[in-house]
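Here the structure comes first, spelled out in structure tokens, and everything after it is commentary.
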Amino acid sequence: MTTVLERADAPTADVGFMTPPAYVRRWAANHPDLVAMREKDFGIWQEITWSDYWEKVLDAAHGLLALGVYEGDRVSIHSEDRPEWVILDMATVAVRAITVGLYPTNPPAEVEYLLSDSGAVVHLVEDQEQADKVMSVIGSLPDLGKIIHIEPRGFRKWRDDDRFIAWDDFLELGRGHRQANPGMVEQIMAQATGDDVITLVYTSGTTGPPKGAMLTNANFAFNAEVLIANEDRTPDRKPLGPEDMILTYLPLCHVAERIFSTWSSVSRGPCLNFAESIETVQQNLREIQPTIFFAVPRIWERIHASIAIKGRDATWFKRVWFGTGMKMARYIGDRRVANDGDHTAASRIVYAIGYPIVFRPLKERIGLRRVRYATSGAAPIAPEVLRDFLGMGIPLFELYGMTENSAVATTNYPGANKVGTVGMPYQGTELRIDEDTGEIQTRHPGTFKGYWNKPDKTAEAFTEDGWLKTGDVGVWVDGTHVKIVDRIKDIIITSGGKNVSPSEIENSLKVSPYVKEAMVIGDGRKYLTALIAIESEVVGDWATRRQIPYTTYRDLTTKTPVIELIQGVVDEVNQKTSHLENIRKFRLIPKELDHEDGELTATQKLKRSSMSSMFGELIEDMYRS
């Protein structure tokens, strides 16, 4: 499917290419007093206007120049989401350097690899914890010359180390350079081209070392026009604008959060609100009540589970009220799913009845009452979760993309929201499914420039005729929508020759509030089994209410009632699958999965090879008898 879209991104000569910081400058010039960002400090949301934003970007950009950062140099950021992350990102692009984001959870070994591979010359750390990580491997980072730290606490031991500079001192350095060299940053910005690399986004590394995907100004411009400014994707057909509110909480080094937060903000003007932490997301949602909300499936599953748990823990009257409301939501959801996401006459009446007594207070409680457009992406999500949210009146759409195509591939649209698919190709893009392998392949101006210092891996990412290989198997639905089957490398072929998509079964298991993670096994085996990680807080609460004593997570997983509880979840999923896709046996994983222990990637995806190695004895035990 191919659609041609005319694009007008040619800049005027005095501005240069419209880069992300060029948009910040334009907002500051045209709407200086509009609020661009908000951050909670000592319990109060502090506002940053576009004028303040641009002034800080200029100071930081001059600060980089004062530190000797030149065109093409790499500046790395190791921090939770906060204004300083965004400001330094914009400042880096303003001086035509390259931003390298790290996940806050990256352990020292990964910090060493990412900074060494990228050759970062300046590194921003949030606090002492992140500073300790880089200092433990500093001997193998000859390119790294300066470390900027945001929080002052814990840095006394490095006060005589010339490599360290506090954030405020860094900005002061920039102001001095700016006074001595007025207009220098603007002159550099005017030289920007569409081919300039603005960021390295490192892949999750599920099958090997992470690769730095090079995204350019042209990739940003294409994404801003085709995805961010696409008013057809919202039910009210209203494009993003300054009146919209966005909660920023996923790691900004991930391409999805970068797009739905910073790139959306600079190109369309919605206000960014930084969550205090990933643990406070639901509390911050209630406070902010965002109008635009993007979440990965794990977040949607967590919200979905919290609704069920609170309903079960309520008083008798509220349990009845909640149960009735959820029955209404499933009734509405089933009919909307069957009607491409739109209401039927019957579902609209039921929703009108349920809205004032159930759905409005429920949406208020979970922080999504004002949401006019919500999306799920970056991993598969169970159709049942989408159905329930649609039934509650939350306009939730699944979309699909990857770092290498600037996250532009497909999306579901109002009136064409086929639950279970990732939607239709965007305007101005090409998408095909390989007839032999079933692989989804894309081609458009948002395609990345290649992998940093890895020309061989770059070549492997493309077909001979120039299409980007996504590594995902897909099928067409009704000739218009794409359904993801699974990653090519994850498809299970049993000893009987049956092809099985493990992710569909895993997602069905994770619909249960008691299941946090699941990995289906069966490649080359006679039958399927699963390793299951329980949701410790939920299962622990369940056990406590039934007076089942336990001491640790490991102890909890050994309790017979807990095993029977999860067996019930498995049995329920087995009823929905064919006999050959049934989970015959399972084992509960005896520890909480962790990025630093190697079971998960920084994006919280399972490392299947590591899991198979680490829990090999559990797996073999399921096939011995």
Look at atom CD of E572 and say whether more than 12 heavy atoms of other residues, nucleotides or ligands are closer to it than 6.0 Å. no
Give a yes or no answer on whether the side chain of R286 reaches the backbone of I366 with a donor-acceptor pair at less than 3.5 Å. no
Using a strict 4.0 Å threshold on nitrogen-to-oxygen distance, state whether R546 and D541 make a salt bridge. no
Can you tell me which residue among V538, V573, V569 is in a side-chain contact (heavy atoms from CB on, under 4.5 Å) with V515? V569
Qualifying residue, where the test is side-chain hydrogen bond (donor to acceptor under 3.5 Å, both in side chains) with Y202 and the options are T403, N106, D117: D117
Can you tell whether the side chains of R608 and E506 come within less than 4.0 Å, N to carboxylate O? yes
F260 and I246 have their tightest heavy-atom pair at O-CD1, 3.4 Å
For the rings on F274 and W45, is their centre-to-centre separation under 6.0 Å? no
Sub-4.5 Å side-chain heavy-atom contact between L606 and E517: yes
Residue pair V358 / G325: nearest heavy atoms and the distance that separates them: CG1-CA, 3.6 Å
Mind listing the side-chain donor-acceptor pairs of residues 379-400 below 3.5 Å, one per line with the distance, residues two or more places apart or on another chain?
from : atom 1 : to   : atom 2 : distance (Å)
E384 : OE2    : K576 : NZ     : 3.3
D388 : OD2    : H304 : NE2    : 2.7
Y400 : OH     : T470 : OG1    : 3.4
Y400 : OH     : D472 : OD2    : 2.6

Output field: ring centroids F359/Y355 closer than 6.0 Å: no
What closest approach, in Å, do T557 and R554 show between heavy atoms, and which atom pair accounts for it? OG1-O, 2.6 Å
Residues D555 and K559 bridged, charged N to O under 4.0 Å: yes
Give a yes or no on whether the backbone of T99 and the side-chain of T199 come within a donor-acceptor separation of less than 3.5 Å. yes
Closest heavy-atom pair and its distance - I150, S79: CD1-OG, 4.2 Å
Does the Lys NZ or Arg CZ of R587 fall within the cation-pi geometry relative to F615 - under 6.0 Å from the ring centre and within 45° of the axis? no
L247 backbone acceptor or donor facing N273 side chain under 3.5 Å: no
Are Y623 and Y527 close enough that their ring centers fall under 6.0 Å? yes
For the residue pair F164 and W158, does the interplanar ring angle fall in the parallel (under 30°), tilted (30 to 60°) or perpendicular (over 60°) class? parallel
So, for V485 and E504, which heavy atoms are closest and what is the spacing to 0.1 Å? O-OE2, 4.4 Å
Exercise answer: donor-acceptor pairs, residues 122-129 side-chain atoms, under 3.5 Å, sequence neighbours excluded:
from : atom 1 : to   : atom 2 : distance (Å)
H123 : ND1    : S76  : OG     : 2.6
E126 : OE1    : E80  : N      : 3.0
E126 : OE2    : R82  : NH1    : 2.9
D127 : OD1    : E129 : N      : 3.3
D127 : OD1    : Q130 : N      : 3.2

Does this structure show an ion pair linking E617 with R624, if we count only N-O contacts that are shorter than 4.0 Å? yes
Does a salt bridge link K40 with E287, judged by any charged N lying under 4.0 Å from a carboxylate O? yes
Looking at R159, R163, K157, which one forms a side-chain hydrogen bond (donor to acceptor under 3.5 Å, both in side chains) with D161? R163
Taking NZ, NE, NH1 and NH2 as the nitrogens, is one of them in E276 or R38 under 4.0 Å from a carboxylate oxygen of the other? no
For F322 and A308, which heavy atoms make the closest approach, and how far apart are they? CZ-CA, 3.9 Å
Can you confirm whether K516 sits close enough to E592 that some side-chain heavy atom of one is under 4.5 Å from a side-chain heavy atom of the other? yes
Between S261 and E257, is the side-chain hydrogen bond (donor to acceptor under 3.5 Å, both in side chains) condition met? List the steps. CA-CA 6 Å; S261 285; E257 187 64 40; 2.3 Å; yes
side-chain hydrogen bond (donor to acceptor under 3.5 Å, both in side chains) for Q283 and T280? Distances and angles first, verdict last. CA-CA 5 Å; Q283 174 189 332; T280 64; 5.7 Å; no
Do D89 and L252 make a side-chain contact, defined as non-hydrogen atoms from C-beta onward lying under 4.5 Å apart? no
According to the interplanar angle, ranging from 0 to 90°, do the rings of H254 and Y103 count as parallel (below 30°), tilted (30 to 60°) or perpendicular (above 60°)? perpendicular
